[in-house]
Each structure stands twice: as structure tokens, then as C-alpha cells.
Amino acid sequence: MNLFLLEKGETLKISEIEKQILKESEEVSIQNILKEFRLLTNDLEHLLYPSLLESEGKESSDELFEEDFETFRIRFRNISRLTATFIRELKKNEKEQKGILDTGYVKKLDDEIQKVFEFYQEQMQKRVERKTIVKIQNAFYAYIQLAKVINLTLKEYNKSYKPGFPLLKNIPEPSDLGIFVGLETYFQQWLGNLNSLF
């Protein structure tokens, strides 16, 4: 299984952004997956800023939006890689061992998911019709599906390690998002590959 499957016409080149993201998250661990997902939440917020500017009557840059979208996509791909590797390793080692204590990190992440969901809803109500809306909706849908995968990862971790981590609770359902677009391009295959591990 290759989580780095290329889209049609995409060349295999690693950008400076991707090099930085990969360098920051070399260690495969539950903490790193959660940390990277928190950064992905920030990346998603950046995708929503153009609508905030528009609602205030300011111009937004399509070029900056595309850069933010590419950063989101790269980090999404990297978290997919980290999660898949982590699950494979976890399934190899099924002995019960002493786990890592959660110091409230999952709760903070859960609160951030709730905030970004509210921000998404608010901005989508204000948003004028633009080509970026489909990318934002695809990104948000992929984000919540990845959050569900991370919850499955936490459940798997909790089976082997005690005391374990609490689960994320503020993950919205796609129907709550008002999304009526297909997820045909950017994220569907990665999510399918990740879900197949469970």
C-alpha cells in the first residue's frame, strides 16, 4: 500500500514545505500524530481566511490560497503516512505495556476541532461563490474523516497501552457541514488506504 500515490500528471518532487513538514515529524508516535493533526487544524483555518477577508470587503489572493491548500495537502499526506506506519507497528506489538499519560492534549485538540468547525460554518455562510469553495469543502471533509481515523488509532493504542488516551468527541458529521461535493480528487484515496488498516 502506497500512501504517496500520485494524482494524474503530478510529478514526484518534494517542495521546501514538504521537506520542513517531514523533518518536523520524523518520529512515528501517537504524540507526533496528534501534534501534526493540531497543525493541520491551523492549516485548515488558513484556508478559511480568504472568506473572512471577503466578508470585510478586502481582496484575497488566489495564489496565497493555493499555497495554503498545498500546505494542507502535504501535511494531510504526512499524517496519513505517520498514522499508517504507527498502526502497522502497533499491530505487530500486542503486548500490554505501560502507556503514555495524556496531559490534556487530546482535550485541547478536541476544543480546537470544535472552534474550527464553528469558524467553517460561519465562513461558509458568508462565502461568495468561488472556485475555492470546493477545495475548502473537500479539505474540511477530509479533515473530519482523518479525525475519525485518528480516533480509531487512539482506540487501537488504548487496547495495548494503559492508561491510554481519551477519544476526540467534537468531530462533526459530514451532513452537519453542508457539503454536497464529491471527494474525487485530493484526499479520497489516502483516506481509503488508512481506513483499510482497521
Side-chain angles (χ1 to χ4, degrees), residues 3-4 15-52 64-65 67-87 89-90 99-124 135-158 161 163-174 176-177 179 186-187 190-191 193-195 197-198:
L3 290 172
F4 289 94
S15 66
E16 287 305 312
I17 294 168
E18 191 159 8
K19 284 179 189 170
Q20 183 62 31
I21 288 171
L22 289 170
K23 185 179 177 192
E24 289 169 356
S25 65
E26 287 171 355
E27 182 194 343
V28 177
S29 66
I30 194 76
Q31 301 97 313
N32 227 9
I33 290 168
L34 293 170
K35 179 185 138 217
E36 284 294 301
F37 190 76
R38 191 171 186 188
L39 292 172
L40 187 74
T41 304
N42 293 337
D43 294 339
L44 184 61
E45 283 181 331
H46 278 264
L47 291 178
L48 293 166
Y49 289 146
S51 59
L52 188 61
L64 287 176
F65 174 84
E67 285 176 19
D68 286 341
F69 184 78
E70 184 60 15
T71 300
F72 179 91
R73 199 166 74 107
I74 289 166
R75 193 174 309 277
F76 181 93
R77 182 168 54 191
N78 188 48
I79 296 170
S80 299
R81 177 188 62 81
L82 283 173
T83 305
T85 305
F86 181 79
I87 289 297
E89 291 302 312
L90 190 63
I100 298 153
L101 282 174
D102 174 48
T103 57
Y105 195 83
V106 173
K107 171 74 173 103
K108 286 177 194 163
L109 184 55
D110 214 21
D111 291 344
E112 287 184 24
I113 291 170
Q114 181 64 35
K115 284 178 192 165
V116 81
F117 175 48
E118 289 167 4
F119 187 39
Y120 171 86
Q121 287 182 309
E122 183 184 310
Q123 296 315 308
M124 288 298 103
K135 284 189 172 180
I136 290 171
Q137 288 178 322
N138 275 328
F140 203 91
Y141 182 81
Y143 171 83
I144 62 169
Q145 295 303 332
L146 184 57
K148 290 178 180 184
V149 168
I150 287 173
N151 250 1
L152 290 174
T153 305
L154 289 169
K155 282 181 186 175
E156 287 293 320
Y157 178 87
N158 291 347
Y161 295 92
F165 282 80
L167 299 181
L168 298 168
K169 295 177 183 154
N170 290 325
I171 304 170
E173 287 302 319
D176 298 336
L177 302 175
I179 292 178
Y186 305 101
F187 307 107
W190 295 324
L191 286 165
N193 285 340
L194 273 174
N195 278 310
L197 291 170
F198 298 99

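Along the sequence shown, residues are numbered consecutively beginning with 1. Note that the structure is predicted; figures quoted are calculated from it, not measured.
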Task: Distance-only donor-acceptor check, side chains R81 and N78, under 3.5 Å - done: yes
Open item on the list: Tell me whether the rings of Y143 and F140 are parallel (<30°), tilted (30 to 60°) or perpendicular (>60°).
Closed with: tilted
Open item on the list: Within this structure, what is the NZ-CD1 distance for the pair K169 and I113, rounded to the nearest 0.5 Å?
Closed with: 12.5 Å
TODO: Not counting sequence neighbours, which residues clear salt bridge (Lys or Arg N to Asp or Glu O under 4.0 Å) with E118? List them please.
DONE: none
Task: Reported CG-to-CG distance for the pair L39 and L44, which is rounded to 0.5 angstrom - done: 12.5 Å
TODO: Compare every heavy atom of A142 with every heavy atom of F76, then report the nearest pair and how far apart it is.
DONE: CE1-O, 3.6 Å
TODO: State, to 0.1 Å, how close D110 and N170 come at their nearest heavy-atom pair, and which atoms those are.
DONE: OD1-N, 2.9 Å
Open item on the list: Whether the side chain of D68 engages the backbone of L47 through a donor-acceptor N/O pair (distance < 3.5 Å, no angle test) should be reported.
Closed with: no
TODO: Quick one: closest heavy-atom pair of P166 and V106, and the distance?
DONE: O-CG1, 3.5 Å
- [ ] Identify whether the distance between the nearest side-chain nitrogen and carboxylate oxygen of K148 and E173 falls below 4.0 Å.
- [x] yes
Open item on the list: Strictly below 4.0 Å, N to O, side chains only: are D111 and K107 in salt-bridge contact?
Closed with: yes
- [ ] Quick one: closest heavy-atom pair of K35 and Y105, and the distance?
- [x] CA-OH, 3.3 Å
Task: Between CD1 on residue I79 and CZ on residue R38, distance to nearest 0.5 Å - done: 13.0 Å
Task: Gap between atom CZ of F117 and atom CD1 of I144 - 0.5 Å precision - done: 8.0 Å
- [ ] Check whether any side-chain heavy atom of V28 sits under 4.5 Å from a side-chain heavy atom of E89, and report yes or no.
- [x] no
Task: Side chain to side chain, I136 and Y120, heavy atoms closer than 4.5 Å - done: yes
Open item on the list: Using side-chain heavy atoms (C-beta onward) and a distance below 4.5 Å, is T41 in contact with L109?
Closed with: yes
Open item on the list: Return the CG to CG distance between L154 and L167, rounded to the nearest 0.5 Å.
Closed with: 6.0 Å
Task: Nearest heavy atoms of F69 and A139, plus distance in Å - done: CE1-CB, 4.2 Å
Task: Nearest heavy atoms of E45 and F119, plus distance in Å - done: O-CE2, 3.8 Å
Task: Atom pair CD (E36) and CG (L82), whose distance is rounded to the nearest 0.5 Å - done: 6.5 Å
Open item on the list: Using 30° and 60° as the class boundaries, would you call the ring planes of Y157 and F165 parallel, tilted or perpendicular?
Closed with: perpendicular
